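Heads up: the structure comes next, in structure tokens.
Values in this document were obtained by computation on a predicted structure and should not be read as measured data. Counting convention: from 1, in listed order, for ligands and their atoms alike.
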Amino acid sequence: MSKENMEPVILVCNDDGIFSPGIQALAEVADEFGRVNIIAPDRQQSAVGHAVTVSTPLRSRSFQIDGRFHGQAVTGTPADSVKLAHDQLMKRKPDLVVSGINHGSNAGINILYSGTVSAATEGTILGYPSLAVSCTDYEEEADLSGAKEAARRVIRYILNQGLPGGVTLNLNVPPGPLKGIRWARQANTRYVEEFEGRVDPNNRSYYWLTGRMELLDEGDDIDVNVLEKGYASLTPIQYDMTAYTLLQEVEEVEL
Ligand code: MN
């Protein structure tokens with residue numbers, strides 16, 4: 001087998017779209033470990049969660065970033081992109097799926113709404129070791145140097161150690177240089193929704209979601225607080241949503 005065939009194949013996806021600076025930063029890191037294949041939404045898809053497209057066709061077109069990375073832009077969601085990559089677009093199946101670097105935090109309940117995390121989760125569902133990477137700074141010009149270094153360390157870890165089936169790693173990193181990475185659990189948070197109501201030129205009401213995240217949790221081990229202290233947080237997450245504790249309690253209850 002030639003050296004090229006031994007190299008790991010790394011699928012890079014995101015939810016901010018193929019032209020976001022974050023995906024290029026992650027592709028640069030992945031490129032240090034193997035052959036990069038970027039397959040990602042052709043436009044901004046933040047907060048679409050694990051949505052898939054079922055009633056319209058999906059299309060993909062080739063694109064280049066800087067003449068350096070070749071990829072496919074998909075007209076669907078992050079989860080669509082990974083599914084299509086797996087089933088149709090990749091000649092060799094990936095050894096690793098990485099999603100990001102998202103522009104914005106995916107700590108706490110953001111995990112559930114995040115397209116970035118869902119692309120990685122889809123990778124896990126399909127049987128590939130998968131990692132989601134997010135920078136807590138929303139700005140397009142955010143300093144991603146720490147996020148790149150954290151991603152580099154975690155990718156190295158996954159390629160060396162592997163990941164158990166059904167588990168995705170969720171990495172969040174503050175902007176700027178990396179202070180360190182801490183294992184953390186998902187903080188219990190929720191949004192205090194605030195809709196701003198306006199009126200369109202046709203005199204119809206429309207609403208714009210704003211809102212802020214409320215912390216219902218405490219402790220040094222939660223992702224939100226790890227980030228607050230300036231460290232990157234790394235959380236193993238799973239898509240099996242069964243509440244095992246309750247299931248055990250109610251096992252004998254007859255209905
Ligand atoms: Mn995003």
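- When the Mn ion (ligand 1) is compared with the N/O/S atoms of Asp16, atom OD1 turns out nearest.
- Within Asp15, the N/O/S atom positioned nearest the Mn ion (ligand 1) carries the name OD1.
- In this structure, Tyr239 has its ring center at least 6.0 angstrom away from the ring center of His50.
- Side-chain contact check for Pro94 versus Met90: some heavy-atom pair is nearer than 4.5 Å.
- Taking backbone and side-chain atoms together, Ser46 has an N/O/S atom less than 2.8 Å away from the Mn ion (ligand 1).
- Side-chain N/O atoms of Thr53 and Asp80 include a donor and acceptor closer than 3.5 Å.
- Distances from the Mn ion (ligand 1) show that Ser20 has no N/O/S atom below 2.8 Å.
- Val74 is connected to Val97 through a chain of hydrophobic side-chain contacts under 4.5 Å among Ile, Leu, Val, Met, Phe, Trp and Tyr, so both are in one cluster.
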